[in-house]
Amino acid sequence: MEDPVRVLVVDDHFVVRKGVCALLVDTDGIVVVGEAADGLQAVAEARRLRPQVILMDLKLPGLDGVGAARAILAEQPEVGILILTSTDVEDEVLAAVQTGALGYLAKTSPREDLVQAIQRVAQGEIWLPPRLTRRLLTQMKPPPAEEASEPLTEREDEVLVLLARGWSNRRISEDLSIAEITVRTHVSHIFGKLGVSNRVEAALHALRSGKASLQSV
């Protein structure tokens, strides 16, 4: 039996934080290992507890969620950060995505979505809820003109489409029957050509450019 996914819950609202923890109690394959009420505490608890997934609110006292995510990922780049948002997507969500968060989830989402998002992010996959993604796409700057960057190869396009579905490198390698190290190389080339720094930004670029659709995510 695999070890459960270790989760750290970060939210300055006591009721929200305890509510999220309550939703995850007795969930097979997931265990809440700690809580934090502000950004600095989140960084300290992440360092102490070494969680696999962090549910991160953005509007935190002191160090905000974006700053906390940046500090945590600098020390533990393997951690999957899942942003918890209000119903309105704001600039902070895009900033968190650019920092390296693997996905975002509305606080009003059903328990099933929360559990699935945690499981996906724990595997290194991304989580892009269509309704929130539509709003986020309206805030993105238009992609650079095609002639301004080197076009993707046919294989890189295939990898980008699967990446936009939220798939991990391992899952992509299995689907395309290529080595995982080859997928990592393709992903690195995709980032460079698109001028993005992480998987979520690449996925959003694919959605905006029409290479992927929200229906396939």
Side-chain angles (χ1 to χ4, degrees), residues 1-86 90 92-129 132 166-171 180 184 197-201 203:
M1 180 180 295
E2 293 184 0
D3 292 334
V5 177
R6 295 166 55 82
V7 177
L8 173 65
V9 179
V10 183
D11 198 296
D12 63 322
H13 293 285
F14 177 83
V15 173
V16 173
R17 194 171 67 249
K18 292 300 182 183
V20 171
C21 291
L23 286 174
L24 297 176
V25 168
D26 298 328
T27 300
D28 289 340
I30 295 175
V31 59
V32 176
V33 295
E35 305 173 29
D38 60 55
L40 290 176
Q41 186 181 13
V43 175
E45 288 298 275
R47 185 180 298 129
R48 182 176 72 88
L49 298 170
R50 312 297 292 188
Q52 293 166 268
V53 175
I54 299 176
L55 303 180
M56 180 78 75
D57 186 22
L58 290 177
K59 296 185 180 300
L60 298 171
L63 183 65
D64 64 14
V66 174
R70 183 179 296 111
I72 291 168
L73 289 170
E75 294 185 4
Q76 303 176 56
E78 74 282 358
V79 172
I81 294 183
L82 181 63
I83 298 300
L84 292 178
T85 79
S86 61
E90 301 176 358
E92 290 92 339
V93 178
L94 186 54
V97 165
Q98 293 168 335
T99 296
L102 284 179
Y104 43 93
L105 189 73
K107 292 181 179 180
T108 54
S109 299
R111 177 182 178 277
E112 293 75 15
D113 284 358
L114 175 63
V115 170
Q116 187 177 359
I118 290 171
Q119 292 170 336
R120 289 272 293 272
V121 168
Q123 296 297 318
E125 301 186 0
I126 62 178
W127 182 263
L128 300 176
L132 294 180
W167 291 13
S168 65
N169 287 350
R170 177 180 298 179
R171 190 174 177 185
E180 191 171 344
R184 290 199 295 270
S197 58
N198 58 67
R199 303 175 77 85
V200 178
E201 283 189 300

Test side-chain contact (heavy atoms from CB on, under 4.5 Å) applied to L102 and V53, step by step
CA-CA 10 Å; L102 284 179; V53 175; over 6 Å; no
Side-chain contact test, heavy atoms from C-beta onward, threshold under 4.5 Å: evaluate it for L63 versus R70 and give yes or no.
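Contact flag for L63/R70 side chains = no.
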Would you say that I126 contacts W167 through its side chain, given a criterion of any heavy-atom pair below 4.5 Å between the two side chains?
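The answer is no; the side chains never approach within 4.5 Å.
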Verdict with supporting geometry, R17 and D57, salt bridge (Lys or Arg N to Asp or Glu O under 4.0 Å)
CA-CA 9 Å; R17 194 171 67 249; D57 186 22; over 6 Å; no
Approximate separation, where rounding is to 0.5 Å, of [X] [atom1] and [Y] [atom2]:
X: N169; Y: E125; atom1: CG; atom2: CD; value: 10.0 Å
X: N198; Y: Q98; atom1: CG; atom2: CD; value: 8.0 Å
X: K59; Y: T85; atom1: NZ; atom2: OG1; value: 10.5 Å
X: R47; Y: E75; atom1: CZ; atom2: CD; value: 4.0 Å
X: L49; Y: L8; atom1: CG; atom2: CG; value: 6.5 Å

If you look at every heavy atom in [X] and [Y], which pair is closest and at what distance?
X: L60; Y: A37; value: CD2-O, 4.3 Å
X: A117; Y: L82; value: CB-CD2, 3.6 Å
X: A203; Y: L128; value: CB-CD1, 3.8 Å
X: V79; Y: P51; value: CG2-O, 3.7 Å
X: P61; Y: D12; value: CD-CB, 3.5 Å

Please confirm whether the backbone N or O of A46 pairs with a side-chain atom of Q76, one donor and one acceptor, at under 3.5 Å?
yes
Distance-only, no hydrogens or angles: does the R50 side chain make a donor-acceptor pair with backbone N or O of R6 under 3.5 Å?
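Such a contact is absent between R50 side chain and R6 backbone.
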Give me the one residue out of D64, V66, D11 that meets side chain to side chain contact (heavy atoms under 4.5 Å, CB included) with L58.
V66
If we check side chain to side chain contact (heavy atoms under 4.5 Å, CB included) with V200, which of these qualifies: V97, L94, T99, I83?
V97
Around Q119, counting heavy atoms of other residues, nucleotides and ligands shown, do more than 12 lie under 6.0 Å from its CD?
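Counting neighbours around CD of Q119, more than 12 heavy atoms of other residues, nucleotides or ligands fall under 6.0 Å, so yes.
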Does R184 CZ have over 12 foreign heavy atoms under 6.0 Å away?
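Atom CZ in R184 is packed in, count exceeds 12.
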Salt-bridge test for E35 and K18: reply yes if a basic N is under 4.0 Å from a carboxylate O, no otherwise.
yes
Results of side-chain contact (heavy atoms from CB on, under 4.5 Å) for R48 - residues two or more places apart only:
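Here the qualifying residues are E45.
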Show the atom names and distances, to 0.1 Å, of all donor-acceptor pairs under 3.5 Å that link a side chain in residues 19-29 to residues at least two apart or in another chain.
from : atom 1 : to   : atom 2 : distance (Å)
T27  : OG1    : L24  : O      : 3.0
T27  : OG1    : R111 : NH2    : 2.7

